[in-house]
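What follows is a single structure, written as C-alpha cells, with notes after it.
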Amino acid sequence: MTDTLLTDGASDEVPPTTRADWQSDQEVRWCPGCGDYSILTALQLLMPELGARREKTVFVSGIGCAARFPYYMNTYGMHSIHGRAPAIATGLALARPDLDVWVVGGDGDMLSIGGNHLIHALRRNIDINILLFNNQIYGLTKGQFSPTSEKGKITKSSPVGSCATPFNPVSVALGAEASFVARTHDMDRHHMQEMFRRSYEHPGTSMVEVYQNCNVFNDGAFETITKKAVRDDMLIPLRHGEPIRFGSEGQFGVARHDGGVELVEVADVGVEGLLVHDETRPDPSTAFALSRLAESPDRPTPIGVFRAVDRGEYAGAMNAQVDEARAARGKGDLHALLHSLPTWTV
Amino acid sequence: MTDTLLTDGASDEVPPTTRADWQSDQEVRWCPGCGDYSILTALQLLMPELGARREKTVFVSGIGCAARFPYYMNTYGMHSIHGRAPAIATGLALARPDLDVWVVGGDGDMLSIGGNHLIHALRRNIDINILLFNNQIYGLTKGQFSPTSEKGKITKSSPVGSCATPFNPVSVALGAEASFVARTHDMDRHHMQEMFRRSYEHPGTSMVEVYQNCNVFNDGAFETITKKAVRDDMLIPLRHGEPIRFGSEGQFGVARHDGGVELVEVADVGVEGLLVHDETRPDPSTAFALSRLAESPDRPTPIGVFRAVDRGEYAGAMNAQVDEARAARGKGDLHALLHSLPTWTV
Amino acid sequence: MTETSLEPLVTEVDRVIIRFAGDSGDGMQLTGDRFTTASALFGNDLATLPEYPAEIRAPAGTLAGVSSFQVHISDHDILTPGDAPHVLVAMNPAALKSQLDSVLDGGTIIANADTFEERNLAKAGYAHNPLEGDDLAAYRVVQVPMTSLTKEACKDLGVKPRDAERSKNFFALGLLSWMYSRPLEPTIEWIEAKFAGRDLVIAANKAAFSAGHAYGETAELADHRVIVQPAELPSGTYTNISGNTALAWGLVAAGHLSGLRVFLGSYPITPASDILHELSKRKEFDIATFQAEDEIAAVGSALGAAYGGHLGVTTTSGPGVALKAETIGLAVSLELPLVIVNVQRGGPSTGLPTKTEAADLLMALYGRHGESPLPVLAARTPADCFDQAIEASRIAIEHRTPVMLLTDGYLANSSEPWLLPDVDDLEPIPVEFASGFNQVDEDGNEVFWPYLRDEKLARPWAIPGTPDLMHRIGGLEKEDGSGSVSYDSDNHAHMVGIRAERIARIPVPDVEVTGDPDGDLVVVGWGSTWGAIAGAVRRVCGMGHSVAHVHLTHLNPLPANMGEVLRGFEKVLVPEMNLGQLVRLLRDEYLVDARPVSKVSGQPFTAGELQQIILGELGGEDR
Amino acid sequence: MTETSLEPLVTEVDRVIIRFAGDSGDGMQLTGDRFTTASALFGNDLATLPEYPAEIRAPAGTLAGVSSFQVHISDHDILTPGDAPHVLVAMNPAALKSQLDSVLDGGTIIANADTFEERNLAKAGYAHNPLEGDDLAAYRVVQVPMTSLTKEACKDLGVKPRDAERSKNFFALGLLSWMYSRPLEPTIEWIEAKFAGRDLVIAANKAAFSAGHAYGETAELADHRVIVQPAELPSGTYTNISGNTALAWGLVAAGHLSGLRVFLGSYPITPASDILHELSKRKEFDIATFQAEDEIAAVGSALGAAYGGHLGVTTTSGPGVALKAETIGLAVSLELPLVIVNVQRGGPSTGLPTKTEAADLLMALYGRHGESPLPVLAARTPADCFDQAIEASRIAIEHRTPVMLLTDGYLANSSEPWLLPDVDDLEPIPVEFASGFNQVDEDGNEVFWPYLRDEKLARPWAIPGTPDLMHRIGGLEKEDGSGSVSYDSDNHAHMVGIRAERIARIPVPDVEVTGDPDGDLVVVGWGSTWGAIAGAVRRVCGMGHSVAHVHLTHLNPLPANMGEVLRGFEKVLVPEMNLGQLVRLLRDEYLVDARPVSKVSGQPFTAGELQQIILGELGGEDR
Ligand SMILES: Cc1ncc(C[n+]2csc(CCOP(=O)(O)OP(=O)(O)O)c2C)c(N)n1
Ligand SMILES: Cc1ncc(C[n+]2csc(CCOP(=O)(O)OP(=O)(O)O)c2C)c(N)n1
Ligand code: SF4
Ligand code: SF4
Ligand SMILES: [Mg+2]
Ligand SMILES: [Mg+2]
C-alpha cells in the first residue's frame, strides 16, 4: 500500500523553501536567450510562495526544447516521449491524487502529435497543470512550422510558406470543455507567476498557454505584442470582475459585438460599455469569443484567465467509485471472487 | 502521369444515375433497426441528385459499425484502421483534388482514437466531407462508453457510471477552426440530405455530426429530441438568414444572452428579439454559442449548419505551390539537380 | 485413448463433443454456456470453443450471421474442445451449411425443422431442403420443430408468439439436457436469477426448457440418450473459467499479493475488452480502470500509474500492441514495472478480429526500435491465464521491467474447469519502494541515484511523494547509476548491454519434457497450442510411438535447459498458429533444424490434426 | 594498403584524416563541409563523419556542446571517414578534451590558443592548461591564437570585434587549406554567394580565411605542409553527397522514372528531417510534401496518396516507425505501393537521437502484428541512398507492397564523392494502372476484381477516378480475387500464404563475395558497416590473409544464393551496430553458426576496429 510510505501533505506543516531548493543540479541547456529560461525562473521563484512540497511535485513532459523542463526542477520528473505527456500524467494523477502533477510541452508536442491527449485531458478534468510553451515553431528539430505557426510561414519544411491555418490554443481548449484556460508570456514574470498560481490552485485540468520566444528559429514572434514599449497597447489583461480595459492610458477596451467581442475606445463607449470579465461563467461562449479577439498574436491580444470553472474533478470521482465499492461490498475477498461463479467439488 | 488516364469530370456531362447505381453488391450487415441504415439510404438517394460520379467518389472510413459504410456504396472505398480515416483521406484529397472524398466514422473512431486527425483536418481545411455518426457508444466492440457518452453513463466498461464530461462535437470542431460544421439526425432523411449536400458543396473540410441511434447498445439516446412527436419542440433548425425559431407553433426561439444564446418564447421577446442565423459570420463565436445551447442532446438542440465560411482550401494552395515552382523554375530537370552541388570531373 | 465412434451411439460413452450453432440472434453462446455449466456441475471434465461473427448482428439467416459454441465433455481429463463434433445442433439452415463439414461422419444432427423453409434455405444458399433427400445420409438426423413446440409450450403464459419464439434456444438446451442427463436445477435457477423481474421471460424460458426435456423423453429419441460419467479429476473445488476472466482475476490476485493498487489503462478491442469489463466490476479490490482515448494513452496512463507506485497494466490485442510500441520502448528505458497483455487475434491489420491466431510473438520480442528487450510470457490454457497474469506481474515488479503476456482469442473465450487454488497458498509478491539515499557524492553528501542497481540489476522504484528522492528520468540515454542524461559512447554501450543482461538473467523454470522423452521427435509449442499438442502426443504415444512434448511458457528469456533438451532429439516440430515464429527463435538460438507446422486459419489446432502430422512425421503410419 | 604513419609528417602522403572540433556555435560543420568540398574539387577521394550534440545550443564551452566534423581525404579510393584522425583542430578546451582520445598517437593538434584561458578550461573540466606541460607530449601541438588573429585581420573593415570573432572558423579553414594545398577559389566564391547582401560578413570571412592561409605560410609551419594527391577514381563527374540528400534525390529520380508524382507525408525527426527539407524545395519535380500532425498521419497520408495513384513515401526514424506500425500493417493488407524510410538512430526510446545505430532491423522485419511481411532494403553508403531509394520505389510500385528502406544517422549526415549517373541510363519504372474489367461474374457480366493477381502475385493498382473499377478495400481479411470481406478459414490461410509468398518471390540480385573467397572466414554486413568492413577486409587481405566479405542490401527477401555462400565458410562474422540482429536472421534462415560483432556506442565501426577483430578471429596475429 503506497499510503503507508508517503507523508500525507495535508496534515504536516510544509517546510519553507527557497528558489535554490527547486533548482536541480543539471546544467540548463537551452540556447542563450531562449524564452524558456524566464519561464523556468518564474516557476522556480513561485514554488516557495505556493508552499508546494518538492517531493510531492512531479513534472511530466514529452519531447522538445520546452520538454527539457523537468530536468531543471528539483522535483520528481519524467521526460517522456513526444506528445504523450498528458496521457502519462493522466495515469499518474489518477493513481496519486496526493501529488501536484505539472505537464510541460511545446506547441508541437502538445498540439501536433499530442493534440488528442491534450483535448481528452481537458475534457476529463483530471487535476493536472498543463503549461504549453508556444513558440510557434519546432525548436528541437531545428525549425519546422508547428500547428501554431501562421499561414504562409517560411521554414525548412515550408520553404515557400505553410498552407495551414494555425490552431488558437485557447479556442481549442475551450472547444474541448476545458475548465481552466489562461494565457501569459515569457516577458512578464509577474503575470506568468499569477497564471501558474491560478493553474496550481485550480481543481481539475488547467491549461496555460505561454507565448515563448525561440530566439534561434522564430525570433520575435510575439515581439509586436510583448515588447515592453508596446505591451500596454497590445496586451489586454483579463481581470475577473473588472471591465476589460487596456492601453497606456486605459484608453482601449473590449465590448460585445454581434455575438463576439470587439476592440473599442473607451471614449466612444464609456466604461459602462465595456465587457466585464467573468472567468466563472458556466457558458464558455464569452471566453471563446475573447479567444477570437486577436486573429493572430500580433494584434491586441488578451492575456490572463479566460475561464475558470469548477466542474468536478475526474480522479476524485474515479477514486470515489473504488471507495464506494469498498464501502458497499467490503474490501475485496479474493477467495470469494474465485468462488463467485458456479463451483463444484470433486 | 495520372491525368492522362482519368476522365476529367469538369469537362464531360455527368451521366444521370439512380439510387441503385450507388448501391454496392455487398449485403448490409448492421443490426436490424440500426440508425446507420437510414443514413445510408439518405446518401444513396442523394447521390444521383448531386450529380456526383461514382468513379470520382471515394469513401474512407476507420473501424466501427459506422465505418462499414464504404462497403455499401458502389464507389471507391477504403475501410482503413481505427481512427485514421481523416489522415488517409487527407493524403488522398491532397493527391487527387479531382475526387470527392468522404470520410465516415463513429464517435469513437473520430473523437476518441482519431480526435487528433479530425481536428487537424478541420484546421487545414482540405476538401473532404466528414460524416460523424454519433451514437454516443462504441457499437462494434459491444457497448463501452464513448467520448460523447454522457457523464454517469453505465456501460460494460463503466458499470457504475463513467466519470468523464463528454465532448460536444460541434464545439470541438469550432475550437479547431472548422470552416463548416453541421448537425443532423438519422430520423429525418430530408434534413440529412440537405446537410450532406451542403457538406458536399463546401470547399474545404466539412464536418456533419449525425445523431444516430444504436438500438442494440444505446437505444433511444436521442429519442427525447428526435422522435416525431417531440421533434418540433426539441429540435431547433438553424436556417441561414432567418430568425432562429422553433416549436410546433413556432412559439420558441433563440436569442442572445450574456455572450451566449438562450431559449426564449417568441411571445416574450418578439420575432425581432430573436437571433438571426448567419452561417457565414467570419467570427465563429456565435456558432460556438449555439453549440452550447443544449448542454446535452436531450434538451432543445440546434440542428442545421452552424458555420459555413470559405477560408481557402489547403490542397489547392499546396498544389498551387507545385505549379508555381514549375512556372518559375520549369519542370524539374533531374540532370541539373544532380549537378546542382559543386561537381568535379575526373 | 482412442477416437470414440458414435456409430451406433451407445448408452455410455467416455466423451462427447457437441456444437450448438444458430443465428447470432438465436442465443447459441448462452445455450452453450449453460450446457457447459451444467456439465461442469455434473462433474465432467470439459473444454469449450465459442465462435461468433465479426458483425454485431450480421443479417439474420445468413452464413455470415452464424454463431456457434462447441463443448467437449468427458469422463477423464481432456485437453481441447475436441476435433470433429459428434453432435451438431443446427438452429437454422445457415448453421447446418456452415458447420456440416466439421461434423464427425456418422454424427448426429439435431435440426430445428421449422426454420428449414424457403426463405431461410435461400439465405443459406440451399437450392433444396437438405433435411429431405440424401444430403445427410452420412449422419443421424433428428428433425425437431423447435420453434413451433416452443410457441406451443408458451401459449398459455400470456407471452406473445414472437416473444415466445425467442425461447427456442432453451428448448434446445432442454432437449440436450435430457439426452446427456444434465442436472436441470442449475439452469432453472440461473433462468430465475438472470431474468429476475421479467416474469414473462422467466416463464417462457422455463416452459421451453421443460418442453425440450419432455420432448426427449416422449419422442422417439430413446436411442439417443447417452451418459458421460463424471471425470476423475484431482480433488478440490472447481469452477468453469474462460481465459479472459482468469486473466482478470490473476491481475486482481497480483494486486492482492503485492499489496499494490492495480491500475488498468485500456482501450476496448476484441477479444481483449472483457478483461477491462471484468476488472471494471472489481473496484472493491482496490482496482482502478481507466478507459483511455486510444491505446497509446492507455499504455501511457498505465506507465504513469506505475511511476506513481501502482501495478500498471494495459490490455489489448495486436493492433493495439503495434500502437503501444513506442511507449513500451520508453518503459524499457525507464525500467519501470508494467504488464502488457496481448490477446492475439487474426491479422495482419484488422484481419479476422473475432478469430484466434498467435502471430504476434516476434512483434512481442522485436517490435520496438533500438535494442529494447523485455520478458515475454504466454498462457497455455484458460485457467493458466490466471497463473501467468500473476507471473507477469511478479516479474514486472521484481525486475522493474515491462513484461508482455500473450494469450489469444481462443484462450480468451473458451473455458475449462479450474481447480481453484487456495488463496493462502499463492506466493506474495514482495514490493520494495526506495525510501532513502543510496549513494554519497564527491562532496560527501548523501544523494539518491535512480539507476543504481541491485543484484538483479534492477534499479530502485522510487515513487513520487517519497521525501529526498526527487529525481528525473526519461527516454534519453542516461548514465548508469546516477541516471543523468549521458551522450557518452561507452556509457551507451554499457547501458544497452545492461538492459539486455538484466532481462537475460531473469530466472525462469526449466522446461519439462512430457510425453515420451526417449524418442527421436519432440514437439515444441507455446501458448494455446498446448492442449492440442498434448492431446496429440498422448494419442500417438498411446499408439505405441515415442514422441516428446516441450511447452514454453517463457519466451524471453528462454529456459536455461532448452538448448540441451532440443539437442537430445533428432526432429523438432513446432506447431504454431502463425507461419513459424517460435521456430525462428529456436533455430536462431540453438541452431537446431526445428521445423514449422503452421495453421493460420483463425481456428485453433485440433489434436486430431496434429496427431496426423506427427504420425506422418514418424514415417507415414496411419495416414 | 597499410596504416600511414604521420611521424614525421612528410610532404606527400596518400591520405589524411582531419577532425575539426569546436563549440556548437563555432561553425565546425560548415568549416568541415567547406574543406570537404575544396578537397573534392581538388580531386581527392574522401568520406566524412559529422557529429553534433542533441541540444540546439548546448551551453557554450562545455563538453556537451562540442560539435565535430571528421574528413578523410586520400589519393586512392577509400571506404570510411577513417579511424583515428591525424590532425585535430581544437577550437576550445572542451573540443580538445572530448576528442583527444581518438587522435592518432603522434598526430597533430592545432589549438586555438586564445580560448585556453581560465573560464573555458574550467568549463571543460581542465584543472590546468593542457597546452602547457606534458599532457600532449605524444602529439605535435601547434598553438595558434586564432581569435585574436582573426580580430586583427578584420580590424580595418568596420566589423565589430565581437562579430569579427565569429569568423575564426574561416581562419582555421584558411590555415588548413594552406597546410593541405586546397584550392582557395571555391571557398571564396562560396563565401560571396552564401552571404550575398551582407557585405561586412563577406569581408570578415574572406579576411579571416586569407589570414589563416597567410599564417601557414609565414609562421613556422613549413614542416606541416602536406600534399595528398588527387585520387585515381573512375572517370566522370563527381559531386560530394550526404546520405539524406542522396536519398531525397533518389526519390525525385523515382518520381521521374515512374512518371508518378511523389507524395511525401512526413513528421520531422532527427536525423531524417533533412529529407523532408530537401524534398520540400523540389516542388518543380512534381513533388508534394506534407508535414503531418504526427507519424501516424504522415504514413496515413502517404498511403492515401498511394491509393490515389501517387508514389507515396514516408520518412522517419526509429520512434516514428514504431508509431507507423499499425498503418504499415494496413498497407500490407491493402497491397498498395508505399516507401517507408527509417533513418536509424540510437535507441531504445529517445536514446541518442543525434547518434547513429542500426538496431531497427528486426523491427523492420517483424514489428507488426500478425503475419505482415514486406521487403526490407538497406543502403550502404551515402551515395547508395540514391540507388536504394529508386530500388525501394521500384519494388513498391512493381509489387504493390510497402517497402522499408533502412539508412542510419551516419549515412544520413556523412558524405562521399559520388560519380554522378547519367540520368538517361537510369531504368524506367513501369507503372500500370488498372483500366478495365478483369473478370466475368456468374451471370456473365464483366466485373472488376481488385485482388486478382498477376504473375508476380501482385493485385491491380486501380486508382479512384477510373471508370467502372469502383471497389472497396480494407484491413479485414478479404477473399482472394474478388476482394470481398471474408471470414472463411481456408481463404485466410490462403491469403496469409499468398502475402508471404509474393514477398518471398521478389527477385533480388545474388550476393557477391568480395575480398578473398577462398578463406575460411566471411564477414557479413548490411547497411553502413559496408565501408568499415570492406576497409578492414582489404587491409587484412593486404596482410596476406584470406578473408571474404559479403554485403546484404536486400534483407527481405534474402538473395537466393546466400545460404550456399555462407555454407562455403567455416566462420561467419557479422558486425552490426546493434546487439546482433542480422546474425539472428542468418542463423535462423541458414542454420550457420554466424557470430555477432556488436558496436552500440552511437559511433560507426572503424576499419581499424574490425581489422583487429578479424585478425583476432584468424588466430591472434597482429594484436
Ligand atoms: C515520435 C517522435 N516524433 C518526432 C520526434 C522529433 N521531435 C522532437 S521535438 C519535436 C517538436 C518540437 O517542437 P515543440 O514541441 O514545439 O517544442 P520546442 O522545441 O519548440 O520547445 C519533434 C518533431 C520525436 N522525438 N519523437
Ligand atoms: C487500434 C484499434 N483499437 C481498437 C479497436 C477496436 N474497436 C473497433 S471499433 C471501436 C469503436 C467503435 O465505436 P465508434 O467509433 O463509435 O463506432 P460505432 O461502432 O459506434 O459505429 C473500437 C474500440 C480497433 N479495431 N483498432
Ligand atoms: S531552439 Fe529555440 S526554443 Fe529551443 S532552446 Fe533554442 S531558442 Fe529555445
Ligand atoms: S451495434 Fe449499434 S451501431 Fe452497431 S450496427 Fe448494431 S445498432 Fe448499429
Ligand atoms: Mg515549439
Ligand atoms: Mg459510436
Side-chain angles (χ1 to χ4, degrees), chain C residues 53-54 64 317-319 321-323 325-326 329-330 332-334 342 344 346-355 357 359-360 362-363 365-372 474-477 487 489-490 492-493 496-497 499-500 578-579 581 584-585 587-589 591-593 599-603, chain D residues 53-54 64 317-319 321-323 325-326 329-330 332-334 342 344 346-355 357 359-360 362-363 365-372 474-477 487 489-490 492-493 496-497 499-500 578-579 581 584-585 587-589 591-593 599-603:
Chain C
S317 185
V321 177
L323 286 168
E326 195 203 7
L330 174 64
V332 167
S333 177
L334 296 183
N342 179 357
Q344 299 164 94
S349 196
T350 312
L352 293 179
T354 58
K355 308 251 162 149
E357 200 159 294
D360 298 352
L362 291 174
M363 173 172 69
L365 292 165
Y366 305 127
R368 294 162 297 280
H369 67 280
E371 293 288 351
S372 52
L476 283 168
E477 188 58 284
Y487 303 119
S489 296
D490 293 340
H492 179 54
V496 170
R499 281 187 291 259
N578 59 46
L579 289 186
Q581 301 199 354
R584 287 192 172 271
L585 196 63
R587 291 170 63 89
D588 155 27
E589 285 282 338
L591 287 185
V592 292
D593 190 11
K599 182 171 184 184
V600 201
S601 66
Q603 311 278 346
Chain D
S317 184
V321 177
L323 286 168
E326 195 203 5
L330 174 64
V332 167
S333 177
L334 296 184
N342 179 358
Q344 299 164 96
S349 197
T350 312
L352 293 180
T354 59
K355 308 251 163 150
E357 199 159 296
D360 298 352
L362 292 174
M363 174 173 70
L365 292 166
Y366 305 127
R368 294 162 297 280
H369 67 279
E371 293 288 352
S372 52
L476 283 167
E477 188 57 284
Y487 302 120
S489 297
D490 293 341
H492 179 54
V496 170
R499 281 186 291 259
N578 58 46
L579 290 186
Q581 301 199 353
R584 288 192 172 271
L585 196 63
R587 292 170 63 89
D588 153 27
E589 284 282 340
L591 286 185
V592 292
D593 190 10
K599 181 170 184 185
V600 201
S601 66
Q603 311 280 348

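Interface remark: Q603(D) contributes side-chain atoms only to the contact with chain C (heavy atom separation under 4.5 Å). Neither the backbone nor the side chain of N342(D) comes within contact range of chain C; no heavy atom of the residue lies under 4.5 Å from a heavy atom of that chain. Both the backbone and the side chain of R584(D) come within contact range of chain C, each with at least one heavy atom under 4.5 Å from a heavy atom of that chain. Within the 4.5 angstrom heavy-atom criterion, no atom of V321(C) approaches chain D. For E326(C), the parts lying under 4.5 angstrom from a heavy atom of chain D are both the backbone and the side chain.
Nearest heavy atom pair, residue G475(D) against residue L334(D), reads N-CD2, 4.5 Å.
Chosen from T350(C), V592(C), V332(C), L591(C), the residue pairing most often with chain D at heavy-atom distances under 4.5 Å is L591(C). Of the listed residues D490(D), L585(D), D360(D), the one with more heavy-atom pairs under 4.5 angstrom with chain C than any other is D360(D). Top candidate by heavy-atom pairs under 4.5 Å with chain C, chosen from R499(D), K599(D), K355(D), Q344(D), is R499(D). Note on V600(C), L330(C), D588(C): by heavy-atom pairs under 4.5 Å with chain D, the leading option is D588(C). The greatest number of non-hydrogen atom pairs below 4.5 Å with chain D, out of A359(C), G367(C), S349(C), G370(C), is found for S349(C). In terms of non-hydrogen atom pairs under 4.5 Å with chain C, the most contact-rich of A64(D), A500(D), G329(D) is G329(D). For the set G602(C), G351(C), P53(C), the entry with the most heavy-atom pairs within less than 4.5 Å of chain D is G351(C). Each of P319(D), A493(D), S372(D), G318(D) has some count of heavy-atom pairs under 4.5 Å with chain C, and the biggest count is that of P319(D). Comparing S601(D), P353(D), S317(D), G347(D) by heavy-atom pairs within less than 4.5 Å of chain C, the highest count is held by S601(D).
Looking at E371(D), its side chain never comes within 3.5 Å of a backbone N or O of V496(D) through a donor-acceptor pair.
We find the OG1-OH distance between T354(C) and Y487(D) to be 7.0 Å, quoted to the nearest 0.5 Å.
If you check the side chains of E357(C) and H492(D), you find a donor sitting under 3.5 Å from an acceptor.
Salt bridge annotation for R587(D)-E589(C): absent, with no cationic side-chain nitrogen under 4.0 angstrom from a carboxylate oxygen.
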